[in-house]
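Any value given below was found using the heavy atoms of this structure, including those in side chains, with hydrogens, waters and symmetry copies removed.
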Amino acid sequence: MNRIIALAGAVLITGLAAGSAHANPQVLGIVASLEPQPMTCDASGCRVELTSFCLEQERHNPLPGQVYLPMQDADIRLVGTLADGTSVSLPAAPYLNFTTARGFTALQASIDPATYEKLGLASAAIVVGQQVSLIPQDEATDPQPHVAEEIALATGPNRLTAEQFYDDHSANSDALRLSNAMINALPVGYHREDSDGRIWNAPQVVSLSTKVDPAGLAETAKMHADCQMKVDVTHHVDSMRACMQESHDILSLRQNIDLWEAIGGS
C-alpha cells in the first residue's frame, strides 16, 4: 500500500513538472455508469464530476481546466426531462464541455446556461457507456501533438484492457462510482452537517448503493468514516467534499497503476 501511494505521488509530481512544457497531455477514459449521474444546475449552468483515468502513462498529467473532446463514437448521453415532464435522451458531445477537475482522476462535464435553456431542460443527467475515451484539445503551439498511432493505441487496446479495471463491476470500480456520487451530492466548502452521515440519504447515493458490489460499498463506507474523522476530529481536511475527492483520487491512482502494469508499463 505504501509503495502504491508513493508511486501515485511520483506520477503526480512527474506529470505536473512535465506539464510546464505544454505538450499534449494524456488521453483519458471515463468510468462507465451504472445509472444516470445527475447534474447540478443553477444560473451558471449545469455540471457533474466524472471519474476519469489515464490511458497513456508516457504522456504528462493534464493541468486543471484542460479541455477534452470525446472520441467520435463515444457512448455518452445527456438525459433529462423537459418542463412538461417529457423524457429526453441526446448524444452528449454537441452539448457538453469536458475539462479536467483534478489531474487525470476527475473530469467535469458542464452545460452552459444558453444551451440548457435552448434544450428546454428542467433536469439533466449523464449516462456513460462502455469503453469511452476522450482526447485533449490540440493547441496551436503544442510542441508534441498526438499522432494517429498514439490515439489508436490509447483508445483501442489500452482502453479495452482498462474495461476490466474501470467499467466492469469490482470492489474498486464500484467504490469509485459510489464515492463519485457522494462528491457530486456534497456542497463545496465546509458545512457542519456534511459529516453527520446524511449524505447516505442523497437520492443518487441511495440508488447507486443498491447496484454496487458489496465490497465496493464497504470500501466507500470506510472512505466516508475516515473522512468524518479527518474533518471533525483531526481537522486534516477542511470539508467532506474535499476529503472524499482526495480519497477517490488515491483509489483511482492505485487502480491506474494496476492498469499500467497490466498494459506493460513501468
Distance-only side-chain donor-acceptor flag, Ser179 / Thr220, under 3.5 Å: no
Euclidean distance, Ile111 CD1 relative to Lys118 NZ, rounded to 0.5 Å: 13.0 Å
Neighbour count above 12 (heavy atom, 6.0 Å) for Glu163 CD: yes
Heavy-atom side-chain proximity of Leu50 to Val31 below 4.5 angstrom: no
Trace of the side-chain contact (heavy atoms from CB on, under 4.5 Å) decision for Cys46 with Thr40: CA-CA 5 Å; Cys46 302; Thr40 298; over 6 Å; no
Heavy-atom side-chain contact between Asn256 and Phe104 under 4.5 Å: yes
Test item: Gln66 side-chain N/O and Leu63 main-chain N/O as donor-acceptor pair under 3.5 Å: no
Side chain to side chain, Ile76 and Ile126, heavy atoms closer than 4.5 Å: yes
Cationic N near anionic O, under 4.0 Å, Lys222 to Asp226: yes
Close side-chain approach of Leu121 to Leu78, heavy-atom, < 4.5 Å: yes
Main-chain N/O of Asp112 paired to Tyr95 side chain as donor or acceptor, under 3.5 Å: no
Residues His248 and Glu49: side-chain donor-acceptor under 3.5 angstrom: no
Donor-acceptor contact present, side-chain Ser239 to main-chain Ala242, <3.5 Å: yes
Minimum-distance pair of heavy atoms, taken over all atoms of Cys243 and Lys230: SG-CD, 3.8 Å
Parallel, tilted or perpendicular, as decided by the 30° and 60° cut-offs, for the rings of Phe53 and Tyr166: parallel
N/O donor-acceptor pair under 3.5 Å between Arg47 side chain and Gln108 backbone: no
Residues His169 and Asp213: side-chain donor-acceptor under 3.5 angstrom: no
Donor-acceptor under 3.5 Å (Ser173 side chain, Phe165 main chain): no
Joint hydrophobic cluster, Ile263 plus Leu55, side-chain heavy atoms closer than 4.5 Å: yes
Which atom of Gln228 lies closest to which atom of Gly197, heavy atoms considered: NE2-N, 3.9 Å
Contact check, side chains of Val206 and Trp200, non-hydrogen atoms, under 4.5 Å: no
Test log, rule side chain to side chain donor-acceptor pair (under 3.5 Å), inputs Thr81 and Ser123: CA-CA 5 Å; Thr81 56; Ser123 67; 2.8 Å; yes
Same apolar cluster: Leu90 and Tyr116, side chain cutoff 4.5 Å: yes
Ile151 vs Ile135, side-chain contact (heavy atoms from CB on, under 4.5 Å): CA-CA, chis, key distance, verdict: CA-CA 8 Å; Ile151 293 175; Ile135 59 175; 4.1 Å; yes
Distance-only polar pair, side chains of Asn158 and Thr161, donor-acceptor under 3.5 Å: no
Gln26 versus Cys54, closest heavy-atom pair with distance: CD-SG, 3.3 Å
Check against side-chain contact (heavy atoms from CB on, under 4.5 Å), Leu134 and Ile30: CA-CA 8 Å; Leu134 298 94; Ile30 308 180; 3.1 Å; yes
Gln37 and Val127: CA distance, side-chain angles, deciding distance, side-chain contact (heavy atoms from CB on, under 4.5 Å) verdict: CA-CA 6 Å; Gln37 301 177 73; Val127 178; over 6 Å; no
Donor-acceptor contact present, side-chain Ser33 to main-chain Val128, <3.5 Å: yes
Polar side chain donor-acceptor pair, Ser207 to Glu35, under 3.5 angstrom: yes
Side-chain donor or acceptor of Thr234 paired with backbone N/O of Val231 under 3.5 Å: no
Test item: side-chain donor near acceptor, Arg77 and Ser89, under 3.5 Å: yes
Rounded distance [0.5 Å steps], SG in Cys227 versus CZ in Arg241: 13.0 Å
Side-chain heavy atoms of Asp174 within contact of Leu217, under 4.5 Å: no
Main-chain N/O of Ser133 paired to Thr155 side chain as donor or acceptor, under 3.5 Å: no
Value rounded to 0.5 Å, distance of CG in Asn180 from CG in Leu176: 8.0 Å
Common cluster, Leu96/Leu82, ILVMFWY with side-chain heavy-atom separation under 4.5 Å: yes
Separation between CG of Leu259 and CD1 of Ile257, rounded to the nearest 0.5 Å: 10.5 Å
Taking every non-hydrogen atom, the tightest pair across Ser44 and Pro113: C-CG, 3.5 Å
Pro36 to Val79 - nearest heavy-atom pair and separation: CB-CG2, 4.1 Å
Any Val88 side-chain heavy atom under 4.5 Å of Leu119 side chain: no
Minimum heavy-atom distance Ala175-Glu219, with the two atoms named: CB-CG, 3.7 Å
Side-chain donor-acceptor contact under 3.5 Å, Gln255 with Asn172: yes
Pro62 side chain near Tyr68 side chain, heavy-atom distance below 4.5 Å: yes
Partner residues of Asp167 under the salt bridge (charged side-chain N to carboxylate O under 4.0 Å, His left out) criterion, sequence neighbours left out: Arg159
Separation of Leu251 CG from Glu246 CD (nearest 0.5 Å): 12.5 Å
Between CZ on residue Arg102 and OG on residue Ser52, distance to nearest 0.5 Å: 8.5 Å
